[in-house]
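Counting from 1, the numbers follow the sequence of the chain as shown. Bear in mind the structure is a predicted one, so any value in this text is a computation, not a measurement. Order of appearance sets the numbers: ligands from 1, and atoms from 1 within every ligand.
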Amino acid sequence: MTEISIPLVNLHRQFLEVKDEIERGIAAVLASQKFIKGPAVRSFETAWLAAIGARHGSGCSNGTAALSIALEALGIGPGDEVVTSAHTFFATGEAIRHVGATPVFADIERASYTLDPTAVEAAITPRTRAILPVHIYGAAADMDTLSAIAARHGLKVVEDAAQAHLATLNGRFLGALGDAGCFSFYPGKNLGAYGDAGFIVVRDATVVDRVSRLIDHGRRSKYVHDIVGYNHRMDDLQAAVLEAKLAHLPAWTTRRRSLAALYDERLKAHGFKVLEPRAGSLPAYHLYVVETSNREDAMEAMRRQGIDTGVHYPVPLHRQPAFDGLGYGTGSLPVTETAADRVMSLPLCGSLTEDEAHRVCDAFLGTARP
Ligand SMILES: *Cc1c(COP(=O)(O)O)cnc(C)c1O
């Protein structure tokens, strides 16, 4: 086996860049001995809300919990339907199930890989209570059209922004555009903790109160529990890591965008389909995705040259065994299925060099066909 010299995400290199700040942040938490609901969590919550121009929100234990807590806080539960994308990580559908609701999968736009508003409107039934757009790869879903559809039908909008840190649409940050927006700080995400963490942004101050209770055992005060909640709190060590990294996130995001532009230019010149971001949007490029008709061969050839690649995601949610009971057959979401068959992810992160990006392109173009 060839040693991998270009991983999909180079967390080691990122660590060397932020080591001192992170160690200082962790040392401060250790000195305080406040690990849950302490000052580091409060400080990060304030910093993250400011970074994305949002007013209300709460840290939480992970991105999956962020989604299920957001849905529950907005009153979505058993018997309700939530229209979402199947071209996403499994957690999107899982979180809808966690609150007892039913995911209804609508097809995506080929250009951006995000929910197709026409398909969303066609999927609405009298039981629909929410639309859950996924800003997959950090690219904006069509929030204007989806929000207009939601308003027309009296639905909530919950954004899955787990891949969309600092991505914007018309100058506003994704995750701060819906009734709620959910972030993941899983280690490999654009802003990654050293363990699990997540965030729930909400538009309405009364909803954030419910969110805060749900993530902390439904607590009103130390010994009084108003509702049955969960243990889904963010912890202070993770908050300290996240706040240290947050200072670097704008530069890392800019770097991802310029590397994505380099990839775009080289791959489009050879006729490859790449992400086509919506007009007025700046993606976060959590992943750099290109389509190819001979994915297995291309991945194998690149691996032999020490370059790691991935597929996000080969099995769409409507074809997952866990969702068999929902009754979607092959062919029911044609655009989603085509994307799942053809997408592959190339190495991309804030610490990838241009030389490495060119090596990735050379290796890809040596084998892959459009
Ligand atoms: C990572 C991710 C999640 C889940 O986040 P966790 O923190 O791993 O629970 C949800 N949706 C999408 C699109 C993701 O990429």
Side-chain angles (χ1 to χ4, degrees), residues 8-9 11 44 48 57-72 82-99 101 103 105-106 108 112-115 130-141 143 157-167 174-175 177-178 180-201 214-215 230-235 237-239 241-242 245 256 275 283-289 310-318 320 322-323 336 339-340 343 345 348-349:
L8 213 47
V9 180
L11 288 180
F44 174 71
W48 181 243
S58 172
C60 67
S61 52
N62 59 69
T64 311
L67 287 164
S68 61
I69 296 287
L71 290 168
E72 188 167 341
V82 178
V83 181
T84 192
S85 169
H87 187 64
T88 179
F89 177 58
F90 187 65
T92 309
E94 205 174 28
I96 295 168
R97 270 301 197 214
H98 285 161
V99 301
F105 298 114
I108 54 172
S112 71
Y113 304 107
T114 62
L115 275 179
I131 302 172
L132 202 165
V134 182
H135 304 302
I136 196 78
Y137 313 138
M143 291 303 291
V157 177
V158 177
E159 302 174 76
D160 183 338
Q163 303 190 357
H165 313 79
L166 301 192
L174 302 186
L177 304 178
C182 303
F183 290 91
S184 165
F185 303 121
Y186 178 82
K189 296 288 159 79
N190 290 22
L191 179 59
Y194 287 167
D196 278 310
F199 206 98
I200 305 149
V201 176
L214 281 170
I215 65 167
Y230 306 86
N231 179 355
H232 275 327
R233 298 168 301 224
M234 178 182 278
D235 77 72
L237 285 169
Q238 299 309 334
V241 170
L242 291 167
K245 285 194 183 185
R256 281 176 184 270
L275 175 77
Y285 287 102
H286 171 56
L287 293 159
Y288 186 86
V289 167
V311 179
H312 301 89
Y313 296 86
V315 184
L317 268 52
H318 72 297
Q320 289 288 352
F323 290 138
T336 295
V343 290
S345 308
L348 181 65
C349 61

Main-chain N/O of Ala141 paired with His135 side-chain donor or acceptor, under 3.5 Å = yes
Heavy-atom contacts with [X] under 4.0 Å: which atoms of ligand 1 show up? List them by number with element.
| X | result |
| --- | --- |
| Thr92 | 11 (N) |
| Gly63 | 5 (O), 6 (P), 7 (O), 9 (O) |
| Thr88 | 13 (C) |
| Ala162 | 2 (C), 3 (C), 10 (C), 11 (N), 12 (C), 14 (C), 15 (O) |

Under-4.0 Å heavy-atom contact with ligand 1, by part of Lys189 that carries it =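 It is the side chain that gets close, since no backbone atom is under 4.0 Å.
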For ligand 1, indicate whether the residue Asn62 contacts it via side chain, backbone, both or neither (heavy-atom separation under 4.0 Å).
->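 The answer is both.
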Of all the non-hydrogen atoms in the protein, which one sits nearest to [atom], and at what distance?
| atom | answer |
| --- | --- |
| atom 11 (N) of ligand 1 | Asp160 OD2, 2.8 Å |
| atom 15 (O) of ligand 1 | Gln163 NE2, 2.8 Å |
| atom 9 (O) of ligand 1 | Thr64 OG1, 2.5 Å |

Hey, does Tyr186 come in under 3.5 Å of ligand 1, counting only N/O atoms on both sides?
-> no
Student check: side-chain heavy atoms of Leu174 and Glu159 closer than 4.5 Å =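 Side-chain contact under 4.5 Å: yes.
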Is any side-chain heavy atom of Gln238 closer than 4.5 Å to a side-chain heavy atom of Phe44?
->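 No. Closest side-chain heavy atoms not under 4.5 Å.
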Are Tyr230 and Glu72 linked by a side-chain donor-acceptor pair shorter than 3.5 Å?
->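 Yes, Glu72 and Tyr230 have a side-chain donor paired with an acceptor closer than 3.5 Å.
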Looking at Lys245, His286, His165, which one forms a side chain to side chain donor-acceptor pair (under 3.5 Å) with Asn190?
->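 Passing option: His286.
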Can you sort out the partners of Tyr113 under side chain to side chain donor-acceptor pair (under 3.5 Å), two or more places apart, ordered by chain and number?
-> Lys273, Glu291
Ring pair (Phe, Tyr, Trp, His ring centres under 6.0 Å) partners of Phe323, counting only residues at least two apart = Phe90, Phe105
